[in-house]
Protein chains: 2
Amino acid sequence: MMTAKAKIITAAEALFDRHGFMATGMDRLTAAAGMSSRTLYKHTGGKAALMADVLGERDRRFMRHLDVRSVDALFVALEDWVRTEGARGCLFLRARGETGGDLPEVAQAVAAHKAAFHKRIDEIVTADLGGHGDPALTEQVLVLVEGATAASVYRGPRAVMAARAAAASLIARTRS
Amino acid sequence: MMTAKAKIITAAEALFDRHGFMATGMDRLTAAAGMSSRTLYKHTGGKAALMADVLGERDRRFMRHLDVRSVDALFVALEDWVRTEGARGCLFLRARGETGGDLPEVAQAVAAHKAAFHKRIDEIVTADLGGHGDPALTEQVLVLVEGATAASVYRGPRAVMAARAAAASLIARTRS
DNA sequence: CGGAATGTAAAACGATCGTTTTACATTTTC
DNA sequence: GAAAATGTAAAACGATCGTTTTACATTCCG
């Protein structure tokens, strides 16, 4: 059984991701969620709050998917994500871009995710280096993950494979 | 002197970039361009066409800015772009994401830019390697440029600096 | 059994969307 | 100097936006 709010968020995430946040109207959401607008509003507190909720759920799913212990495994997980979820760019940066940061609830959800994302990559890099942190390398790996996500929109999975190989080179160079 | 269409495109690019394409209404555009909606429509053929025109002009400016002959110079130029133009992510991918690829004129402008962008990076990498092309390295540099553009939204210019250092490592490794 | 509670379907809200039109003023051109 | 062109200001277009309300059906619970 799926709670009403979960059904809304699942449908909204798919529509926001496929058609954009602003281009997706509430009527389309109610149709996809299979409920009246009255019920939808009883569970969501408006579109801006729903956008933030979608991003929160996306953060949970994405971070769980990237629960790995090596940089190489990170890019393997990312390639799997891109192949199964499709490559339409980072949903958080897209939300931020569509709203110009003018919706506080959205801006905060994006900031929270990106902070957690940076921290996660730092943990992975540190673990991969045997517990020895390297902020510069963390930044480079983060750039590669963002770049693979963005570039795979038009270059396909090969962008993730290229990022994986580049990261392996950078790691090997750091180790030696 | 600035032609009416140039004034429209300049104003539209700034507003689209700052607030998003869909969130920017035509009334805001007419106010920013300093003309009536009647005149604006006489010069533009509607919002979708204007979006495509903005992307076309953006492509000209961006590609001219990235007219360099080495990978290191590429990232120097990108850092300069981010510092002077601001970091709000790739406007082309944002346009594509906001419209879901459903506006043919926009989708085509994005595809044309990304094709030219990939070609340009390939030329730079090839020149940097002394005329010896390396598709895999081209893909890695492209991912680094996209990643620096995306990550600098929340990491700032340090993302571009990290990408620059990573690219230098990859180039050096290829050369040896 | 009876009344909250919760749902749906659908109309309606005012606001805003992209776009066109009306009415009028100004500039350019032959 | 009259006509054609081009501009502005502003109203109006139908459509759609996010949101609320009305009217009614169903289910849950004591």
Side-chain angles (χ1 to χ4, degrees), chain A residues 1-55 94-107 109, chain B residues 1-55 94-107 109:
Chain A
M1 170 220 162
M2 202 175 185
T3 166
K5 183 151 191 179
K7 226 189 310 191
I8 296 171
I9 290 181
T10 300
E13 182 181 342
L15 287 174
F16 288 157
D17 186 39
R18 170 65 182 82
H19 299 286
F21 291 86
M22 290 300 175
T24 301
M26 296 301 276
D27 51 349
R28 217 186 226 176
L29 285 181
T30 60
M35 64 187 59
S36 67
S37 66
R38 191 177 202 262
T39 304
L40 189 144
Y41 272 96
K42 194 150 296 182
H43 288 285
T44 59
K47 189 178 185 181
L50 176 56
M51 287 171 58
D53 285 346
V54 164
L55 293 179
R94 287 172 57 198
R96 165 117 202 158
E98 286 210 36
T99 60
D102 295 332
L103 299 184
E105 332 168 61
V106 172
Chain B
M1 171 219 161
M2 203 176 186
T3 167
K5 183 151 191 178
K7 226 189 309 191
I8 296 171
I9 291 182
T10 300
E13 182 180 342
L15 287 175
F16 288 157
D17 187 39
R18 172 65 182 81
H19 299 286
F21 291 84
M22 290 300 176
T24 300
M26 296 301 276
D27 51 348
R28 217 186 225 177
L29 283 181
T30 60
M35 64 186 61
S36 65
S37 66
R38 191 177 201 263
T39 305
L40 189 145
Y41 272 94
K42 194 150 296 183
H43 288 285
T44 60
K47 190 180 185 182
L50 177 56
M51 288 172 58
D53 285 346
V54 164
L55 293 179
R94 288 172 57 197
R96 165 116 201 159
E98 287 209 36
T99 61
D102 295 333
L103 299 184
E105 332 168 60
V106 171

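By convention in this document, chain letters (A, B, ...) are assigned in the order of the sequence lines, proteins followed by strands, and residues within each chain are numbered from 1.
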Any chance you could lay out the side chain to side chain contact (heavy atoms under 4.5 Å, CB included) test for B:L29 and B:F16, step after step, and finish with the verdict? CA-CA 9 Å; B:L29 283 181; B:F16 288 157; 4.1 Å; yes
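Taking every heavy atom of both residues into account, A:A52 and A:A109 meet most closely at O-CB, 4.2 Å.
The side-chain contact (heavy atoms from CB on, under 4.5 Å) search around A:A11 returns A:A32, A:A33, not counting sequence neighbours. The side-chain contact (heavy atoms from CB on, under 4.5 Å) search around A:A6 returns A:M2, A:T3, not counting sequence neighbours. With sequence neighbours left out, A:T99 forms a side-chain hydrogen bond (donor to acceptor under 3.5 Å, both in side chains) with no residue at all. Qualifying side-chain hydrogen bond (donor to acceptor under 3.5 Å, both in side chains) partners for A:T10, counting only residues two or more places apart in sequence or in other chains: none.
No contact: B:G45 has no heavy atom under 4.0 Å from any strand.
Counting only residues at least two apart or on different chains, the salt bridge (Lys or Arg N to Asp or Glu O under 4.0 Å) pairs with a member in residues 4-15 of chain A are A:K5-A:D53, A:E13-A:R58, A:E13-A:R61. For residues 27-40 of chain B, no residue pair satisfies the salt bridge (Lys or Arg N to Asp or Glu O under 4.0 Å) rule, not counting sequence neighbours. Residue pairs meeting the salt bridge (Lys or Arg N to Asp or Glu O under 4.0 Å) criterion with at least one member in residues 15-25 of chain B, sequence neighbours excluded, are A:D102-B:R18, B:D17-B:R88, B:D17-B:R94.
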With a 3.5 Å cut-off and sequence neighbours excluded, list the donor-acceptor pairs that the side chains of residues 42-51 of chain B form with protein atoms.
residue : atom : partner : partner atom : Å
B:T44   : OG1  : B:L40   : O            : 2.9
B:K47   : NZ   : B:F21   : O            : 3.1
B:K47   : NZ   : B:T24   : O            : 2.9

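Near-neighbour residues of DNA chain C inside residues 18-31 of chain B, defined by a heavy atom below 4.0 Å, number-ordered: B:T24, B:G25, B:M26, B:D27.
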Bracket notation of DNA chain C in which parentheses pair within the strand, [ ] cross earlier pairs, and | pairs with another strand (Watson-Crick or G-U, under 3.5 Å): ||||||||||||.||||.||||||||||||
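When the C1' atom of C:dG18 is taken as reference, atom NZ of B:K42 falls 17 Å away, rounded to whole Å. In this entry the distance linking CG of A:L40 with C1' of D:dT20 reads 13 Å, nearest Å. Following rounding to the nearest Å, B:H43 (NE2) and D:dA5 (C1') show an atom-to-atom distance of 12 Å.
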Between protein and nucleotides 9-14 of chain C, what N or O pairs are separated by less than 3.5 Å?
none

